[in-house]
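Remarks on the structure that follows.
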Amino acid sequence: MKEYINRAEGALLHTYNRYQVVFDHGQGVYLYDTDGKKYLDFCGGIAVNALGYGDAELEKELIDALSDQIRKVSHISNYYYSVPAVEAAEKLTKAAGLERVFFTNSGAEAIEGLIKTARKYAYLKDGSNDHEIIAMEHSFHGRTMGALSVTGNPHYREAFQPMIGNIRFAKMNDFDSVMELVNEKTCAILLETIQGEGGIFPAEEGFLKQLRALCDEKDILLIFDEIQCGMGRSGELFAWQRFGVKPDAMATAKALGCGIPVGAFLMSQKVADASLVAGDHGTTYGGNPLACRAISTVLDLFEKRNLTAHVKEVGAYLEKRLDELKEKNDKIVDRRGVGLMQGLEFSEPVAPIISKCLEKGLILINAGANIIRFVPPLVITEKDVDEMMGILEDALS
Ligand SMILES: *Cc1c(COP(=O)(O)O)cnc(C)c1O
């Protein structure tokens, strides 16, 4: 592995401090490195590989569908229609209860599209170009300039100023802090339904309901970033469905393609009718037949396997085991999360714990310096949770 790592560091732009491991292939909920060592995966490619890897029966269906599509055609152009795009669009809009979808290549690109949607919606109302978006502190929406501008982490933005203008930051779950920023120029309120990178902070039901009422009253777009917390991770297909607080528009990505790089943004018919029109937005790859075949098959497999019900069950078990660990370990100060999106906050940096777990064959990631994040494949079982807890407890001692 050392040789591969040296070669990688000789050619890749160093924008990540990578763990010193070279992964080769996956099987079930395990990844294997190039030396053949096996790792239980509780990172899932950062909440992407919901169906696990390779040999699982479900994932095989995805592989078969993708192979079939590659043989037919991977890419055409958005100037033409394709059957996979029709099917993916129908299934995703139905699942989200939002009438219109635009397919992208990534999460950040979906956020970019939503920023444009919000600005256009407000522009068509009053013809002015000074609208504001309220986002949340500690949020994460991606690394492109627009997505970075609404990301509530000053450290990520610092060297890249100026951002796109007129972004304000409120505090998650603090409605008063939103009210302080709202004015006649506000065109959208954007938040992750469960904050991921910022440290696993779920939006509270009451907060979401207050935002919904405010946005209805003032004709402001309520936009949810479901890129990490969506696609079943919360025990509902989209995390807002737990409370029935429906956004006007939302972004999804990560597990949407279970490894094929895809994203999407969706909106209600009302917003679609009063925002982007032909010529306003586009993408070369977004929504190509291969990407859409992935989305379409993933949605079928989620339903076939009743994955959301499974997540509710195994998520509750993970939560229980993490709470028990917290009781026993006074370095753990909090456990937060929903379903299979959980965080354990420690009173000290968790990097050494994560490295030790990796040595012992368990993949975990952090979310902020002091928080271990658990975003495993959604197909994990209680047995996998037990194995993970065994390694983690061993590493902690
Ligand atoms: C990962 C993530 C993004 C960015 O998605 P990319 O595909 O990396 O561009 C945006 N928002 C949230 C909540 C994310 O977790």
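Below, each value reflects all heavy atoms present in this structure, side chains not excepted, and no hydrogens, waters or symmetry copies. All ligand and atom numbering here is 1-based and tracks the order in the structure. Just so it is clear, the model here is predicted, and its values are computed rather than measured.
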Option nearest atom 15 (O) of ligand 1 (shortest heavy-atom distance, choices R143, E197, K254): K254

So, is [X] polar-close to ligand 1, with some N/O to N/O distance under 3.5 Å?
| X | value |
| --- | --- |
| F140 | yes |
| A253 | no |
| G107 | yes |

With a 6.0 Å cut-off on ring centres, are H75 and Y285 close enough? yes

With D24 via side-chain hydrogen bond (donor to acceptor under 3.5 Å, both in side chains) - residues at least two apart: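 For D24, no residue satisfies side-chain hydrogen bond (donor to acceptor under 3.5 Å, both in side chains) once neighbours in sequence are set aside.
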
Which residue in the set N153, L190, I115 passes side chain to side chain contact (heavy atoms under 4.5 Å, CB included) when paired with H141?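 Testing H141 for a side chain to side chain contact (heavy atoms under 4.5 Å, CB included) against N153, L190, I115 leaves exactly one candidate, L190.
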
Under a 4.0 angstrom heavy-atom cut-off, which atoms of ligand 1 come close to [X]?
| X | result |
| --- | --- |
| H141 | 10 (C), 11 (N) |
| A108 | 4 (C), 5 (O), 6 (P), 9 (O) |
| E192 | 13 (C) |
| S106 | 7 (O), 9 (O) |

Going by the angle between their ring planes, with limits at 30° and 60°, are F140 and Y156 parallel, tilted or perpendicular?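 Perpendicular, since the angle between the ring planes exceeds 60°.
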
Specify the closest pair of heavy atoms between I391 and G361, including all atoms of both residues, with the distance to one decimal.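 Shortest heavy-atom contact: CD1-O, 4.0 Å.
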
Under-4.0 Å protein heavy-atom contact, atom 9 (O) of ligand 1: yes

Can a non-hydrogen atom of D225 be found less than 4.0 Å from any atom of ligand 1?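 It does, in that a heavy atom of D225 comes within the 4.0 Å cut-off of ligand 1.
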
Keeping to residues at least two apart or across chains, list the ring-ring contact (aromatic ring centres under 6.0 Å, His included) pairs with something in residues 260-283.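 ring-ring contact (aromatic ring centres under 6.0 Å, His included) check on residues 260-283 returns F102-F265, F102-H281, F265-H281.
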
Does a salt bridge link E319 with K326, judged by any charged N lying under 4.0 Å from a carboxylate O? no

